[in-house]
Amino acid sequence: VWGKGVSKQLYNIVGKIREVDAVQSPRLEQQLFEACPELSLAVMASGTPMRYNKQTLEGRAERLAVLREAFGPTVTTAVDRPPAGAARDDVIDAIAMAWTARRYVAGTCLRLGGEQTELDETGLRMEVIA
């Protein structure tokens with residue numbers, strides 16, 4: 001849609017999205033899929049979206065509470081000591097994606113979209129999982 005902007009986060013990863021699009025195929029869809037940390041956190045929280053921005057103290061606290069339920073108290077240590085080059089919210093997102101990957105492997109993930117009628121121009125399912 002003309003006249004609309006994209007978020008800074010999306011702008012910063014457009015190149016990576018293009019790299020994935022270049023190799024993705026209907027055959028690889030079972031191995032390479034799309035997920036969203038905020039969606040996964042909401043699913044972990046019984047369908048309740050996070051109330052606060054993830055970069056605030058309140059937002060970090062509510063996300064950590066949800067992640068501790070799924071992974072235990074050591075999550076706090078991982079978030080408080082992010083690897084070089086990563087921010088705390090990046091670690092939170094990565095842990096949420098680990099939760100989603102575990103559910104995908106177990107066959108218990110939530111699938112949004114992806115019906116046979118929801119294919120893009122290359123024949124890929126338009127789907128996100130949590």
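Numbering starts at 1 and runs along the sequence shown. Everything quoted here is computed from the prediction, not taken from an experiment.
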So which atom in [X] and which in [Y] form the shortest heavy-atom distance, rounded to 0.1 Å?
{"X": "Ala96", "Y": "Pro37", "value": "CB-O, 4.1 Å"}
{"X": "Val66", "Y": "Leu41", "value": "CG1-O, 3.9 Å"}
{"X": "Gly47", "Y": "Pro49", "value": "O-CD, 3.4 Å"}
{"X": "Gly123", "Y": "Pro26", "value": "O-CG, 3.9 Å"}
{"X": "Met44", "Y": "Ala70", "value": "SD-CB, 4.1 Å"}
{"X": "Thr100", "Y": "Ala35", "value": "CG2-CB, 4.0 Å"}

Please round to the nearest 0.5 Å and tell me the distance separating atom [atom1] of [X] and atom [atom2] of [Y].
{"X": "Asp89", "Y": "Gln9", "atom1": "CG", "atom2": "CD", "result": "8.5 Å"}
{"X": "Met97", "Y": "Ile92", "atom1": "CE", "atom2": "CD1", "result": "12.5 Å"}
{"X": "Arg88", "Y": "Leu64", "atom1": "CZ", "atom2": "CG", "result": "9.5 Å"}
{"X": "Leu67", "Y": "Glu62", "atom1": "CG", "atom2": "CD", "result": "11.0 Å"}
{"X": "Met50", "Y": "Leu39", "atom1": "CE", "atom2": "CG", "result": "11.0 Å"}
{"X": "Asn53", "Y": "Arg60", "atom1": "CG", "atom2": "CZ", "result": "11.0 Å"}

Find out if a path of hydrophobic residues (ILVMFWY) with successive side-chain heavy-atom gaps under 4.5 Å connects [X] to [Y].
{"X": "Met126", "Y": "Phe33", "result": "no"}
{"X": "Leu124", "Y": "Ile129", "result": "no"}
{"X": "Leu32", "Y": "Leu110", "result": "no"}

Practice item. For the pair Glu38 and Arg63, find out whether any cationic side-chain nitrogen is under 4.0 Å from an anionic carboxylate oxygen. Key: yes

Review point. Does a salt bridge link Arg125 with Glu118, judged by any charged N lying under 4.0 Å from a carboxylate O?
Key: no

Revision key, fill the gap. Phe71 meets the ring pair (Phe, Tyr, Trp, His ring centres under 6.0 Å) criterion, sequence neighbours left out, with none

Determine yes or no for a side-chain-to-main-chain donor-acceptor pair under 3.5 angstrom, with [X] supplying the side chain and [Y] the backbone.
{"X": "Thr56", "Y": "Tyr52", "value": "no"}
{"X": "Arg68", "Y": "Pro73", "value": "no"}
{"X": "Asp90", "Y": "Ala87", "value": "yes"}
{"X": "Tyr104", "Y": "Gln30", "value": "yes"}

Review point. Hey, are the side chains of Lys54 and Asp93 touching, using non-hydrogen atoms and a 4.5 Å cut-off?
Key: yes

Review point. Do Glu34 and Val20 pass the side chain to side chain contact (heavy atoms under 4.5 Å, CB included) test, and can you show the C-alpha distance, the side-chain angles, and the key distance before you say yes or no?
Key: CA-CA 10 Å; Glu34 184 173 356; Val20 172; over 6 Å; no

Check your understanding: Taking Lys8 as the fixed residue, which of Leu10, Val6, Asn12 is the one that meets the side chain to side chain contact (heavy atoms under 4.5 Å, CB included) rule?
Key -> Asn12

